[in-house]
A.B. asks: 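What follows is a single structure, and I will ask about it in a moment.
Order of the sequence lines sets the chain letters (A, B, ...), proteins ahead of strands, with each chain counted from 1. Keep in mind that the numbers below use all heavy atoms, side chains included, and drop hydrogens, waters and symmetry copies.
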There are 2 protein chains.
Amino acid sequence: MSRIPGRLSTTPPTLADVAERAGVSRQTVSNAVNNPDLLRADTLARVQEAIAELGYLPNRAARNLRTRASHLIGLRIQPVQEGTANATMDRFVHSLVETSREAGYHVLLFAGEPGEPLAGYDDLLRSTAVDAFVVTDTYLGNPQATWLDSRRAPFVAFGRPWENPSATHAWVDVDGAAGCQLATDHLLDKGHERIAWIGWRKDSRIGEDRRAGWHRAMHARGLPTTGLASRVEDTVVSGRSAAGVLLDEARPTAFVCASDTLAMGVLHTLHERGLRAGDDVAVVGFDDSQVAQVVRPGLSSVRQPLEQVAVEVVKAMEGLLGHPRVAHPGVLLTPSLEVRDSSGPDRR
Amino acid sequence: MSRIPGRLSTTPPTLADVAERAGVSRQTVSNAVNNPDLLRADTLARVQEAIAELGYLPNRAARNLRTRASHLIGLRIQPVQEGTANATMDRFVHSLVETSREAGYHVLLFAGEPGEPLAGYDDLLRSTAVDAFVVTDTYLGNPQATWLDSRRAPFVAFGRPWENPSATHAWVDVDGAAGCQLATDHLLDKGHERIAWIGWRKDSRIGEDRRAGWHRAMHARGLPTTGLASRVEDTVVSGRSAAGVLLDEARPTAFVCASDTLAMGVLHTLHERGLRAGDDVAVVGFDDSQVAQVVRPGLSSVRQPLEQVAVEVVKAMEGLLGHPRVAHPGVLLTPSLEVRDSSGPDRR
DNA sequence: CTGAAAGCGCTAACAC
DNA sequence: GTGTTAGCGCTTTCAG
C-alpha cells in the first residue's frame, strides 16, 4: 500500500503515508494539518514529525475537490499598451500576488479576447477553477460586474461601478478627483494661476472624475477654467498637440494631465518650443509610471496606492468567501503626489 | 439525486446531471467530452445537446485529482523595479498568458521572498498545484534550475544555464550579443567609429554577453574598443555618470547600452552638456521599454521577441508534459532593433 | 459502442 | 482524542 518516498520520488507522499509512519489514522493526520488543537500534544508532535520527515503537503486537487474551493483568484489581463506610459495594471498585479499569498491565495491569470469582455470568466467559473475574480477593467459599463453578479460569482472590482452607483458588489477604487486636486493645489501653492487640464474624452468616467479634481481646486481659489481644458485620446501625440493648442490659445503656466502618457506629450511640446519644463511651464502627470521616474526632468505625478488597493481587495474577497459572508462596501483610497522637477520652483 | 440547474444555481452541473438529461451513463458523457470519436454520432449529438443546455463544464478539481494534472503553470514574479525602465518581465507575462491559453494552460503567479530564490516553488510542487514552472530569473547561478532538476520537476527556463552549459533542461533565451551587435552595426553603418559601451558589472553573465556583441561588431570593422567600455550598476544615475566619464576621457560619438535604464542616464548627461541626443551623440538602449517609446527623442532600442519566447517556452513545456516526453533542447532567439531618433542621422 | 465498478487524496460527519 | 465511513466529480479499467 505504501510507497517509498525517496528524495526523487515522483509521486509526493499522501495522507496515508504520513498516517502509517506516525502510526495513526488518516483522519488524525488531516486534523493535525487543519485543526491541530483537536489533537493531544504528543500525538500532534508525532504526526508533525512524520509530516516533516516525508515533506508532506496536502494534495491541492484532492483538497479542492473536497472543500469546493481552489484558493485561486482569477485576474484577467489585457495585452500591454505599447507606446504609452500606462503600467498601472502590472504594478497592481504584483501587489495583488504579494497580498493574496499572505491570505493563502494564488493568482490565476487569464487572457480575454479584447472584444469579448466576458470571455474567460464563464469557463473558469463553470469549471470551478477559481474561488473569486478580481475585475479591473470597470470602465465602459462594466458588463463583467453585472454578469458576475447575476451568476452569483464572488468578485471584487478595482474600480467603482460608475454606471450603476447602486450596485451592491464589493469594490475598491482610487479617488482620481482627489489626486488631481492634490496635483492642482500643489501647482497653485507654487503660485500658478493659469493651470490647464488635458484629459480623456468625455465618455471616460474615470477621466471626468480626474478632471473634476482639477476643476474643483481651481474654483476653490476663484480661478477661471474656461478655455483651459482639453479632452483627447490617451496618446503621446494627442497630449502633444493638445498642449500646443492650449499654449497658443490660453497661455497656461502649468498643466495637469489625466495620465503620464499625456504629460509626456506636453513635455514634447515644451521642448519643441524651447520652453523648459518645470522652470517655464510646470507639468504634473498621473500614475507615477516608470517613465515619470526616469525621464528628464523628473515628471511629478499622482501615484495610486496600489499596494493598499490590493490589501483592500483581498480583504473584501476574504469577506466574500468567508463564513459567514461579510459584506464589504466600496472603499475609496486617496492617492499621493510624487513631486519631481517638472513641478518647477516656487514662483511666488 | 439530481439538482435543478437553474440559471442562478450556485452549484454547477455535473457529469451525472448531463448523463441523466441525455439518458446515458456518466461514462458516456465523459467520453463525449474527452474522446468524442468513441461515440456513435447520434449519441454524441444528444449528449452534446444536454451539455449545451446545462452549460456543463468538467469540474477542474475532480479532473485534476483523477488525471494528476492541474493545467496550471507556475511563474514566480518579483516586485517591480521602480526608478528603472525594466519591464521585460511584465511584457513576458502577458505573452505567456496568451500563449498558454492556446495550449490549454493557465498561469499561476506566485511571489517569492527576494532573498529566497527557492521559496514558493517547493510548496507548489509538493502540493501538486502546478504541472510545470517557467523559471525566469536565471542569472546568478540559477539555483532554481538545479533544484527543480533534482526534484524531477518539469520546468522551462527563460534564460540560458550560464553557469552550467551542460545542463539538460529545456530553456529559451534571447541572444543578447546578437542584439547588441545589431545595435552597434546600425551605428557603424551610420558612420560612427568611436562607439562606447555602458553595461553591467562583470559578474552579470547576461551583461557580458551583451557586451560581447558590441565588442564583436567593433572588432569586425577593425575598430579599437579600449577605453570605450564602462561597467556599472543598472540605474539611471550610474548610466549618467558613466556617460560623463566616457565623454570626457574617450570622446565617443555614440553609446550602446545594456539597458534602457542606462541609456536614459546617457540621455540625461547629453542634455546637461548641451549635446543633442541623436544629432550630436547617438544612443541605443536595450529592451524597448515604454520609456524608450515615449521619451524624446525616441530611444532606439533592442527589442526582445517575447511573444516568440513565450511560444517556445510553451512548446517546450508541452514536450515535457506530453506522452511521450519530447526533449526540447535550448532555443536561442534573435532580437530586433527598434530604430528611433536617438540613433541620429546618417553621418557619412 | 455503452455501462458498471473502482479509486485518485482529501475532509465532514459521525461513532468509539 | 482518535478511528471509521462516505463521498466530492471525474476518468480509467474492464465487461457486456
A.B. asks: Using the salt bridge (Lys or Arg N to Asp or Glu O under 4.0 Å) rule, collect all pairs that involve residues 30-47 of chain B, keeping only residues at least two apart or in two chains.
C.D. replies: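 Checked against salt bridge (Lys or Arg N to Asp or Glu O under 4.0 Å) - neighbours excluded - the pairs reaching residues 30-47 of chain B are B/Arg40-B/Asp42.
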A.B. asks: For the side chain of B/Gln27, starting at C-beta, report the closest nucleotide among D/dT12, D/dG9, C/dG9.
C.D. replies: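 Per side-chain heavy atoms of B/Gln27, the pick is D/dT12.
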A.B. asks: Check the side chains of A/Arg63 and A/Asn34 for a donor-acceptor pair under 3.5 angstrom, ignoring hydrogens and angles.
C.D. replies: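 Per modelled atom types, A/Asn34 and A/Arg63 side chains form a pair under 3.5 Å.
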A.B. asks: Check the orientation of B/Phe92 and B/Phe158. Use parallel for under 30°, tilted for 30 to 60°, and perpendicular for over 60°.
C.D. replies: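 The arrangement is tilted - the two ring planes meet at 30° to 60°.
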A.B. asks: Are any of B/Thr28's side-chain N or O atoms less than 4.0 Å away from OP1 or OP2 of C/dG3?
C.D. replies: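 Answer is yes, contact under 4.0 Å.
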A.B. asks: Tell me: CG of B/Leu54 to P of D/dG9, nearest whole Å?
C.D. replies: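 Going from B/Leu54 (CG) to D/dG9 (P), I get 14 Å.
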A.B. asks: Among C/dC10, D/dG9, D/dT11, which nucleotide sits nearest the side chain of B/Arg63?
C.D. replies: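 The answer is D/dT11.
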A.B. asks: Take atom CG of B/Asn31 and atom P of D/dC14, then tell me their distance rounded to the nearest Å.
C.D. replies: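 Those two atoms, CG and P, are 16 Å apart.
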A.B. asks: Which of parallel (below 30°), tilted (30 to 60°) and perpendicular (above 60°) describes A/Phe110 and A/Tyr121?
C.D. replies: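 Answer is perpendicular, since the angle exceeds 60°.
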A.B. asks: Taking CG from B/Asn64 and P from D/dC8, how many angstroms apart are they, rounded to a whole number?
C.D. replies: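 Nearest whole value for this atom pair: 18 Å.
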A.B. asks: With sequence neighbours excluded, what pairs up with B/Glu312 under the side chain to side chain contact (heavy atoms under 4.5 Å, CB included) test?
C.D. replies: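 Side chain to side chain contact (heavy atoms under 4.5 Å, CB included) check on B/Glu312 returns B/Val172, B/Lys315, B/His328, B/Val331, B/Leu333.
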A.B. asks: In terms of side-chain heavy atoms of B/Asn59, which of D/dG9, D/dT11, C/dC10 is nearest?
C.D. replies: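 Given the options D/dG9, D/dT11, C/dC10, the side chain of B/Asn59 is closest to D/dG9.
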A.B. asks: In residues 35-52 of chain A, what residues come within less than 4.0 Å of DNA chain D, judged by heavy atoms?
C.D. replies: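 Close to the strand are A/Leu38, A/Leu39, A/Arg40, A/Thr43.
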A.B. asks: Determine: side-chain N/O of B/Ser30 to OP1/OP2 of D/dT11, distance under 4.0 Å, yes or no.
C.D. replies: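 Answer is yes, contact under 4.0 Å.
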A.B. asks: Is any side-chain nitrogen or oxygen of A/Arg60 closer than 4.0 Å to OP1 or OP2 of C/dG9?
C.D. replies: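 For C/dG9, OP1/OP2 do not have a side-chain N/O of A/Arg60 under 4.0 Å.
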A.B. asks: Grab the CG-P distance between A/Asp17 and C/dG9 for me, whole Å please.
C.D. replies: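 My rounded result for the distance is 9 Å.
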A.B. asks: Would you check if the side chain of B/Thr43 reaches a backbone N or O of B/Leu39 as a donor-acceptor pair within less than 3.5 Å?
C.D. replies: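 Checking the backbone N and O of B/Leu39 against the side chain of B/Thr43, no donor-acceptor pair under 3.5 Å is found.
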A.B. asks: Have a look at A/Asn34 and say if it touches a base, only the backbone sugar-phosphate, or nothing, with a 4.0 Å heavy-atom cut-off.
C.D. replies: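 Since only primed, P, OP1 and OP2 atoms lie under 4.0 Å of A/Asn34, the category is sugar-phosphate.
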A.B. asks: So what is the end-to-end bend of the helix from C/dC1-D/dG16 to C/dC16-D/dG1, with 5 pairs used at each end and the value given to 10 degrees?
C.D. replies: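 Helix axis angle between the two ends: 40°.
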A.B. asks: Rounding to an integer number of Å, can you tell me how far A/Arg68 CZ sits from C/dT11 P?
C.D. replies: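 In whole Å, C/dT11 P lies 15 Å from A/Arg68 CZ.
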A.B. asks: Among side-chain atoms of A/Ser70 and A/Asn64, is any donor-acceptor pair under 3.5 angstrom?
C.D. replies: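 Side chains of A/Ser70 and A/Asn64: no pair found under 3.5 Å.
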A.B. asks: Who are the salt bridge (charged side-chain N to carboxylate O under 4.0 Å, His left out) partners of A/Asp173, not counting sequence neighbours?
C.D. replies: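 For A/Asp173, the residues satisfying salt bridge (charged side-chain N to carboxylate O under 4.0 Å, His left out) (neighbours in sequence not counted) are A/Arg160.
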A.B. asks: A/Ser25 has a side chain; which of D/dC10, C/dT11, D/dT4 sits nearest to it?
C.D. replies: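 The answer is D/dT4.
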A.B. asks: For A/Arg66 and D/dA6, what is the distance between atoms CZ and P respectively, to the nearest whole Å?
C.D. replies: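 So the two atoms are 13 Å apart, to the nearest Å.
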A.B. asks: In whole Å, I'd like the distance from the CG atom of A/Leu15 to the P atom of C/dT11.
C.D. replies: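 Computing the A/Leu15:CG to C/dT11:P distance gives 6 Å.
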A.B. asks: Applying ring pair (Phe, Tyr, Trp, His ring centres under 6.0 Å), can you list everything that pairs with B/Tyr56, at least two apart in sequence or on another chain?
C.D. replies: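 In terms of ring pair (Phe, Tyr, Trp, His ring centres under 6.0 Å), with neighbours along the sequence ignored, B/Tyr56 is linked to no residue.
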A.B. asks: Please confirm whether the backbone N or O of A/Ile51 pairs with a side-chain atom of A/Arg21, one donor and one acceptor, at under 3.5 Å?
C.D. replies: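 Flag not set: sc A/Arg21 to bb A/Ile51 has no pair under 3.5 Å.
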